[in-house]
Every structure is written in C-alpha cells, then in structure tokens.
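Since the structure comes first, as structure tokens, the remarks are kept for the end.
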There are 2 protein chains.
Amino acid sequence: MGVRATIKINVNDNIYLRDPEQTQLGKKIISKSIDLIDELGFEDFTFKKLANQISSTEASIYRYFENKHNLLVYLLVWYWSWLEYQIDYQTNNIEDTEKQLKIAIRIIAESLSSHSESHFPHINEAALHRIVVSESSKTYYTKSVDDENKFGFFHSYKSLCKKVANMIKAYNSDYPYAHALTSTMLESAHQQIFFSQHLPSLTELKCTDSETSEIIHYLDQLIFRQIKK
Amino acid sequence: MGVRATIKINVNDNIYLRDPEQTQLGKKIISKSIDLIDELGFEDFTFKKLANQISSTEASIYRYFENKHNLLVYLLVWYWSWLEYQIDYQTNNIEDTEKQLKIAIRIIAESLSSHSESHFPHINEAALHRIVVSESSKTYYTKSVDDENKFGFFHSYKSLCKKVANMIKAYNSDYPYAHALTSTMLESAHQQIFFSQHLPSLTELKCTDSETSEIIHYLDQLIFRQIKK
DNA sequence: TTTATTTTAATAGTAAAACTATTATTCTAA
DNA sequence: TTAGAATAATAGTTTTACTATTAAAATAAA
C-alpha cells in the first residue's frame, strides 16, 4: 500500500476540559467509552461504569469531560470530521460532480466496520458507527443546543453538510434546497439502518454491516431524483 | 359549525399502569407533563417536578406510569393516533391519490397550534407539537426498543407510516420504497423544523408555527419527485 | 346507616447517578 | 533533591429514579 501518513482528527477544544488525545488515561477514556456506550446505550452508560472498566475513578474522567453528554459530542464530532476527511480524500482530483456525490453518499452510508483496516488503533470503528446510528441525534435534541452551537459543538456536522450541499449546487445550481436535502439524506442514512434492524415495518431496506448496496441505492435515488437537471 | 362528535384517542394499555384518561389526577398528569416537558426538555423533566406542579406526589404519578420514558411514549402514541385520525377524516371521499397524499403531508407538517380551535381541552396541542419535534426520536433510540416494539409501543407510528405508504403505492405501484420514503419524510418533517430553528445552516427552510408553506412545499417535492410515474 | 372492601394517593424511605471539594501522588525542571 | 505543577484518587453531597408501606377516600354490602 505504500506510504501511509498519520491522520490526526482535531476536535474543538470547547468540548473537553483536557484533551484526551494527550494522555494515556485520556485515550483509554475514549477507547473504552465507545465500547461501553455501544454495549449499554447512552442512557445506561455512566462515568462510574467507565471508570471501573479502565481501573480509574469517576472524578478522573470528570477532569477530561464536564459530563457524559460532552463525551458523546466528542465522539460524534470526531466521527463527522473523519467522514469529511474521507470524502475530501476520495473525491480529490475527480471532476465529475455526479461521481463526487456518489462517492460521498457511499462513504456516509457505509459502516466503517466494512473497511478492512482500521486507521486508529484505539478507536473501534464498527462500534462508533453503531453509536452514530443510535445515539447521534441525542447530541442536538437538547435544551442547550443553542448555547452548544455557539461553542462550536456542531461545526463538524455543519461543515460536512455544507461540503455535500456544495456538490449538489455544483451539479445543479437551480436546486434551491441543497442543505435541506443533504441534512435529510444524512439523517435518513442512519435512521433507515436503525429502522431496518429494529422497526422493519418502517422500511423496505435490509441493512447489515456487510450489505450496504441497498441503502446506498436508496440514498442515490433520493438525491438524484430531487436534483435532476 | 354544526354537530361535533367527541373524539377519544385510544392508547395501547401496555404503555400505562393506570389509564390516565379515567381519573382527574390522570388528566392533570397528561396535561401538565406536556407543558413541563415542553418547558424543561425531556432530560430535565422529572416526576418530582411534575408532582409539585399538580400538587401531588411522585409516588402517585408512578401509579400511572412505570417511568418518565413511558409517559413520553404515551404522549407520542396519542399524537400519532390523532394525526392518523385527521388524515382519515380529511381524505375521506377523496378519490385522487395525489390529492390524498398532499392532504396527508399538510397535516403531518402543520403545527397543530395553527388550528384555531383545540379538540381536547386538557391537551396543549402547540406544546405537544414542539415535543414531537424535539423529543420523539428518544422514544425509539433506546436499548429496549425491541422489547417495547413487542408490547406495541410503536404501533400507532407504524400504522401512520403504513397509511401514507399505501397512498404512495396507490399513486405509483412500481415505486419499491414506499415505507422507507414515508419514514424518511415523516422524520424529515420534524427534523427540518428543528434545524430551521436551532441549526439553520443545515437547511434553507424557514419554519415557524404560522409559516408552514415552505416545509409543505419541500416535503411535497421530496415525495413526488421520487414517485413520479 | 353502618361497616367491609376496594380503590386511590401520600409518607417515608432506598439505591444509584451526577457531580465536586479536597487530598495525595507523580512528574518535571530548576 | 526538591519545589512547583500536573494529574489522579478519596470521600464526600445532591439529585434522580424508584418502591414498600401506610393512610385516606370512595364504593358496595349488610
């Protein structure tokens, strides 16, 4: 595969109290919180349980994150940034905006678990993708969303949305709802996976970690039938 | 306006321990919980605070609902049932499936607050609509979703989805994703309102309680461009 | 009308979760 | 080697979620 650069995803420092990437304990907090939120769900996940898992204490985790909500935001911000990086990387040097859009949709819909090699040793990408599917909307459906938005908690998600919306505008500058359609598609990508697995009468799609062609086809159609020239 | 029948929305009795419609205290629990969840958000809402508001006790509320999650489910089930009733009522005797679909979309997108008269004296329909926008997804993004699905917690939502999906199939029987498109549209209807008000860079739409024509137009286009014959 | 019986609600808790003030330890650099 | 800074652990408090038990009110039977 040749030379591989080290990728570092930078997360807005308003989200944490101490940068978890800078210490061993911090990395263990991130790594184990992904496993534990995936296992228990966000509601049953507590700093106490996480502390037990990493043989540390609640108070030590509180020195990194103000509360478990901000830890979840951290994980999501990291995920959206990583997604945007991949879209940048894989659409580089591709002129055709239709091809660009299809690449972006594939990256968004595909479970990271399907990748053969992990880019980050302490991140369980399959578990993180399941967290994105089941927990991501909890980051913004709160009473503090406006304050957190001011602190940049949603910058990476908005940036990702803007990138895809710009592809749509480049494809068809007459379509007036590029951002609305992108956010609809982004949310639908995860919702439909969840529905397929838990409330299957809400969707015809059959989504598994390995079988992603159907959801990709659905999202392709959702986008291109809207923006057809 | 002539004769008006009394409408009673029936909620699956697995969701509550005691039917709140049957007692004065029960009705106060429903009425005040809508106001309080709207005001505080679901995370900061507690049975203790609700008990204070209605001059009762936590333990008394626990005799009606096992926990606050089930109370939220109750409110949402009530809402989806009421929505489906309205769609039934307003599409009755209309043959044209395109017209039927447009009526359904309008009812789904429109804030109930825009109605001039309330059908249920103890239900603040404007507040309930805001709860639907901000809190509804929390009813199913849980680890217990499969168990709750077996108990029929999502029956009314699935039934609403099926009704609209059947309209889509009647309009164009060749479209293969009627349910997926309907659930995408249903979720988008509330998401886009939330984004418009809190994360406006994610959407071009401008949604307010009184101004609903733009979201209706967006959803109309989302559906009909997909299913065009 | 009085007394059982049942229904309904309040009292008074416990257990766990969320969070914090303070102390102890480890690391770094003079 | 030791002072100062950085980091983590101890030991709490407060709040939330939930429940066992008791009390009161309503209804029905005698």
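Convention: sequence-line order gives letters A, B, ...; per-chain numbering from 1. The model shown is predicted, which means the values in this text are computed figures rather than measured ones.
- Under the side-chain contact (heavy atoms from CB on, under 4.5 Å) test applied with B/L76, the options B/L128, B/T139, B/V11 reduce to a single match, B/T139.
- Side-chain contact annotation: B/S156 with B/E84, donor-acceptor N/O pair under 3.5 Å absent.
- A side-chain donor-acceptor contact under 3.5 Å links B/S81 to the backbone of B/V77.
- Seen from the ring of B/F42, B/K138 does not count as a face-on cation partner, given the 6.0 Å and 45° thresholds.
- Between the CD1 atom of A/I29 and the P atom of D/dA9 there is a distance of 10 Å, rounded to whole Å.
- The OG1 atom of B/T182 sits 9.5 Å away from the CE atom of B/M167 when rounded to the nearest 0.5 Å.
- Between B/L71 and the options B/I34, B/I15, B/L50, a side-chain contact (heavy atoms from CB on, under 4.5 Å) holds for only B/L50.
- A/H69 places its NE2 atom 11 Å from the P atom of C/dC19, with the value rounded to the nearest Å.
- Over its full length, the helix from C/dT1-D/dA30 to C/dA30-D/dT1 turns its helical axis through 10°, comparing axes from the five pairs at each end and rounding to 10°.
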Discussion item. Assess the residue pair A/H122 and A/E21 against the criterion (side chain to side chain contact (heavy atoms under 4.5 Å, CB included)); give the C-alpha distance rounded to whole Å, side-chain angles, the decisive distance to 0.1 Å, and a yes or no.
Written reply: CA-CA 10 Å; A/H122 63 296; A/E21 287 296 327; 3.2 Å; yes

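- Atom CG in A/L50 sits roughly 14 Å away from atom P in C/dC19 (whole-Å rounding).
- For the OP1/OP2 pair of C/dA18 and a distance below 4.0 Å, the side-chain nitrogens and oxygens of A/K48 include no atom meeting the criterion.
- If you measure from atom OH of B/Y62 to atom P of C/dG13, you get 18 Å, rounded to the nearest angstrom.
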Between the protein and nucleotides 6-9 of chain C, are there any N/O to N/O pairs under 3.5 Å, and if so, what are the atom names and distances?
from	atom 1	to	atom 2	distance (Å)
C/dT8	OP2	B/R18	NH1	2.5
C/dA9	OP2	B/Y64	OH	3.0

Item to complete: Begin with the C-alpha distance, continue with both residues' side-chain angles, and end with the deciding distance and a verdict on salt bridge (Lys or Arg N to Asp or Glu O under 4.0 Å) for B/K49 and B/D44.
Response: CA-CA 9 Å; B/K49 290 172 186 170; B/D44 289 344; 5.4 Å; no

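- The side chain of B/T46 lies closest to D/dA17, out of D/dA17, C/dT11, D/dT10.
- The side chain of B/A59 lies closest to C/dA12, out of C/dA12, C/dA18, D/dA17.
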Worksheet item: Can B/Y177 and A/Y218 be said to form a ring-ring contact (aromatic ring centres under 6.0 Å, His included), step by step?
Response: CA-CA 8 Å; B/Y177 302 123; A/Y218 173 75; 5.4 Å; yes

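- Distance from the side chain of B/K49 is smallest to D/dT16 among C/dT20, D/dT16, D/dC18.
- Look at CG on A/L40: it is 10 Å from P on C/dA17, rounded to the nearest Å.
- When rounded to the nearest whole Å, the span between CG of B/N52 and C1' of C/dA10 equals 14 Å.
- Computed from coordinates, the A/D44 CG to D/dC18 P distance equals 10 Å when rounded to whole Å.
- The nearest whole Å value for the distance from the CZ atom in A/F42 to the C1' atom in C/dA17 is 13 Å.
- Put simply, the side chain of B/E66 and the base of D/dC18 share no donor and acceptor less than 3.5 Å apart.
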